[in-house]
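Down below is the structure, laid out as structure tokens.
Heavy-atom basis, side chains included; hydrogens, waters and symmetry copies ignored.
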Amino acid sequence: MSDVVNVDYSTRIPNNVGLTEDRQVLRALEGWHPGYLSWWKDMGPEGFQESLVYLRTAISVDTQGWAKFDYVRMPDYRWGVLLAPREEGRKVNFGAHLGEPAWQEAPGEYRAMLRRLIVIQGDTEPASVEQQRHLGKTAPSLYDMRNLFQVNVEEGRHLWAMVYLLHKYFGRDGREEADQLLQRRSGDKDKPRMLGAFNEATPDWLSFFMFTFFTDRDGKMQLESLAQSGFDPLSRTCRFMLTEEAHHMFVGESGVGRVIERTAQAMRAAGVEDPGETARVRALGVIDLPTLQKKLNLHYSLSLDLFGSEVSTNSANFFNSGLKGRFRESKIADDHRLTDATYPVLKLVDGAITLVDEPALTALNMRLRDDYTQDCAKGVERWNRILEKSGVAFRLRLPHVAFNRAIGQFSRAHADPDGQILSDAQWAQARGAHLPSTEDGDFIASLMAAETRPGRFASWIASPKAGIDNKPGDFEYVKIENS
Ligand SMILES: [Fe+2]
Ligand SMILES: [Fe+2]
């Protein structure tokens, strides 16, 4: 028997799923491994592949001390298959199969649906690595560069996690899907990634921080609801992925927070009182707050699209069949079947934004999106506390959910960040005030000069409060020149 807490490093693929005894799956994964490595070489971080990076590697799924830190060359990172420990007697906790024992094999009648859920989740993982591959060259510090690479190797591991499920439980179909996960490319015309936000560019570090705050947080919400799955291997995989995901949230929130802090500092030092004096603020070598707001608007609205249509029979089917639950399903006090329940959904009715009660089952995307919005709002509040403390008269805010949408109810209309419906002409006029322009992008790009001296930070970002793994401020997180 394999040890479910500690990880077996005796095979090429570290795991706690007993791969040594599971020859068929081990062989399938070993067959997939070279393709993965060549994908990493082609589409993973550009440059720095020989550099020593101070990374954490999962060595256990014990909540205490699950990771160890050390210098690693990224291609040598031990991508492994790690599942949270099995809970004895776990049940299906929602839907039509409520109360039945959780499935240890893919239930035959839901096989196609389940595979689709796994493939959609799996596709986002390599996509973000592809989107972020150019950023190493312009890192504002070695600390940030290390965090980027940490996120990248872990997204790679999340791909492994989904590919393991495909190989283990879905036979030939699963193997084909696993291969295709290595073939699609973010932003590619012919073979794009499956979801919109994962085909957008991440051209600069502010985009990266916004992405990890907003888009990785969609990932967190999806993982939270898949962690509720009645298909136990999926639940266990997602539970462990969430442990890693917490760091990605941290990178995004603290990254934007440090940008805000630095801008506020520079404004104060130069005596700039009006945040709207963008030219004066930009001249200080920091990012002005209205531009930050525009970037926030963009990334939030793109991420809202990831939740799909507000009213969706797919989401009802995923829930009914016990495959995908709600955010923290097991902590919700209701019947977990939702057969008669309703949920208020924001819809576009005769051109007006209206709250309409819909059957709760078909409104599950909306509900998860609402939970997401609440989670985002807490982070924005913490950012605003930095502004408040600095005495800067500016507050960031989430735009209305109808703003800049490409999917769902509001894709059919234009709205401003307050949720006022705009005509095409009004939108064309207002757009530039609410979304980053080419010129804004050029300005941000102009700040993106690499800072590779240990303990130093680029002009536009404050240093972090603490080091990774309690390392001192001048710690060399990436040894760039190394041979
Ligand atoms: Fe991930
Ligand atoms: Fe992530």
remark   = Smallest heavy-atom separation, I461 atom then G255 atom, equals CD1-O, 4.0 Å

query = When you measure from the side chain of S141 to the backbone N and O of R456, does any donor-acceptor pair fall under 3.5 Å?
reply = no

task = Locate the shortest heavy-atom distance separating A197 from T215; write the atom from each residue and the value.
result = CB-CG2, 4.4 Å

task = Could you check F48 against V53 for side-chain contact (heavy atoms from CB on, under 4.5 Å), going step by step and ending with a plain yes or no?
result = CA-CA 9 Å; F48 308 98; V53 188; 5.9 Å; no

inquiry  = If we ignore hydrogens and angles and just use 3.5 Å, is the side chain of S235 paired with the main-chain N or O of F231 as donor and acceptor?
reply    = no

Distance-only donor-acceptor check, side chains Q24 and R27, under 3.5 Å = no

key: Mutual orientation of the aromatic rings belonging to W383 and F213 [parallel < 30°, tilted 30-60°, perpendicular > 60°]   = tilted

task = For the pair D144 and R258, find out whether any cationic side-chain nitrogen is under 4.0 Å from an anionic carboxylate oxygen.
result = yes

key: For E125, the option from M241, R193, R157 that meets side chain to side chain contact (heavy atoms under 4.5 Å, CB included)   = M241

message = Please determine whether the number of non-hydrogen atoms from other residues, nucleotides or ligands lying under 6.0 Å from atom CZ of R116 exceeds 12.
response = no

message = We want to know whether Q180 and K191 form a side-chain donor-acceptor pair, criterion being a heavy-atom distance below 3.5 angstrom.
response = no

query = Stepwise, does the side-chain contact (heavy atoms from CB on, under 4.5 Å) test hold for M267 with V392?
reply = CA-CA 8 Å; M267 285 171 65; V392 175; 4.1 Å; yes

inquiry  = Could you check whether E381 pairs with K378 (Lys NZ or Arg NE/NH1/NH2 to Asp/Glu carboxylate O, under 4.0 Å)?
reply    = no

ask   = Is a side-chain N or O of T202 found less than 3.5 angstrom from the main chain of Q132, in a donor-acceptor match?
value = no

message = Between H248 and E155, do the side chains contain a donor N or O and an acceptor N or O under 3.5 Å apart?
response = yes

ask   = Stepwise, does the side-chain contact (heavy atoms from CB on, under 4.5 Å) test hold for R90 with R86?
value = CA-CA 8 Å; R90 184 165 179 268; R86 191 162 155 179; over 6 Å; no

inquiry  = On a heavy-atom basis, which atom in R185 and which in N199 lie closest, and how many Å separate them?
reply    = O-OD1, 3.9 Å

Donor-acceptor under 3.5 Å (D123 side chain, M194 main chain) = yes

inquiry  = Any carboxylate oxygen within less than 4.0 angstrom of a Lys/Arg side-chain nitrogen, looking at E46 and R133?
reply    = yes

With Y477, the ring pair (Phe, Tyr, Trp, His ring centres under 6.0 Å) member among F69, F149, Y143 = Y143

Worked check of side-chain hydrogen bond (donor to acceptor under 3.5 Å, both in side chains) between T373 and D370 = CA-CA 5 Å; T373 293; D370 284 343; 5.2 Å; no

task = Please lay out, stage by stage, how Q265 and R268 fare under the test side-chain hydrogen bond (donor to acceptor under 3.5 Å, both in side chains).
result = CA-CA 5 Å; Q265 259 170 21; R268 215 173 31 217; over 6 Å; no

ask   = Is there a donor-acceptor contact under 3.5 Å linking the side chains of E388 and N384?
value = no

query = Okay, side chain of E481, backbone of S51: is any donor-acceptor separation there less than 3.5 Å?
reply = no

message = Checking T278 against D288: is there a side-chain donor and acceptor pair closer than 3.5 Å?
response = no

inquiry  = Do the side chains of D22 and K168 get close enough for a salt bridge, i.e. N-O under 4.0 angstrom?
reply    = yes

ask   = Would S229 and K324 count as having a side-chain donor-acceptor pair, cut-off 3.5 Å?
value = no

task = Return the orientation label for the W39 and Y36 ring planes: parallel under 30°, perpendicular over 60°, tilted otherwise.
result = tilted

remark   = All heavy atoms of Y71 vs all of E476, minimum pair found to be OH-O, 2.6 Å

request  = Apply side-chain contact (heavy atoms from CB on, under 4.5 Å) to the pair N404 and L304, showing each step before the final yes or no.
outcome  = CA-CA 10 Å; N404 192 40; L304 288 177; over 6 Å; no

note = Of all heavy-atom pairs linking W460 and P140, the shortest is CZ2-CB, 3.6 Å

query = Any luck finding a side-chain donor-acceptor pair between N93 and E329 under 3.5 Å?
reply = no

ask   = Between R56 and E154, is there a side-chain N and carboxylate O pair less than 4.0 Å apart?
value = yes

ask   = Thinking salt bridges, do R239 and E244 make one under a 4.0 Å N-O criterion?
value = no

request  = Kindly indicate, with the supporting measurements, whether the criterion side-chain hydrogen bond (donor to acceptor under 3.5 Å, both in side chains) is fulfilled by T291 and R282.
outcome  = CA-CA 10 Å; T291 297; R282 287 182 177 192; 2.9 Å; yes

query = How far apart are the closest heavy atoms of Q293 and F394, and which atoms are they?
reply = CB-CZ, 4.3 Å

query = Measuring from S60:OG to F240:CZ, what's the distance to the nearest 0.5 Å?
reply = 7.5 Å

ask   = Would D469 and Y54 count as having a side-chain donor-acceptor pair, cut-off 3.5 Å?
value = yes

request  = Before accepting this row, confirm whether a basic side-chain N of the pair R328/D371 lies closer than 4.0 Å to the acidic partner's carboxylate O.
outcome  = no

query = Do E177 side-chain atoms and D179 backbone N/O form a donor-acceptor pair below 3.5 Å?
reply = no

query = What do you reckon, are the aromatic ring centroids of W40 and H33 less than 6.0 Å apart?
reply = no

Cation-pi check, R217 onto Y372 ring (under 6.0 Å, within 45° of axis) = no

query = Distance only, no hydrogens: is a donor on one side chain within 3.5 Å (strictly under) of an acceptor on the other, for D8 and T20?
reply = yes

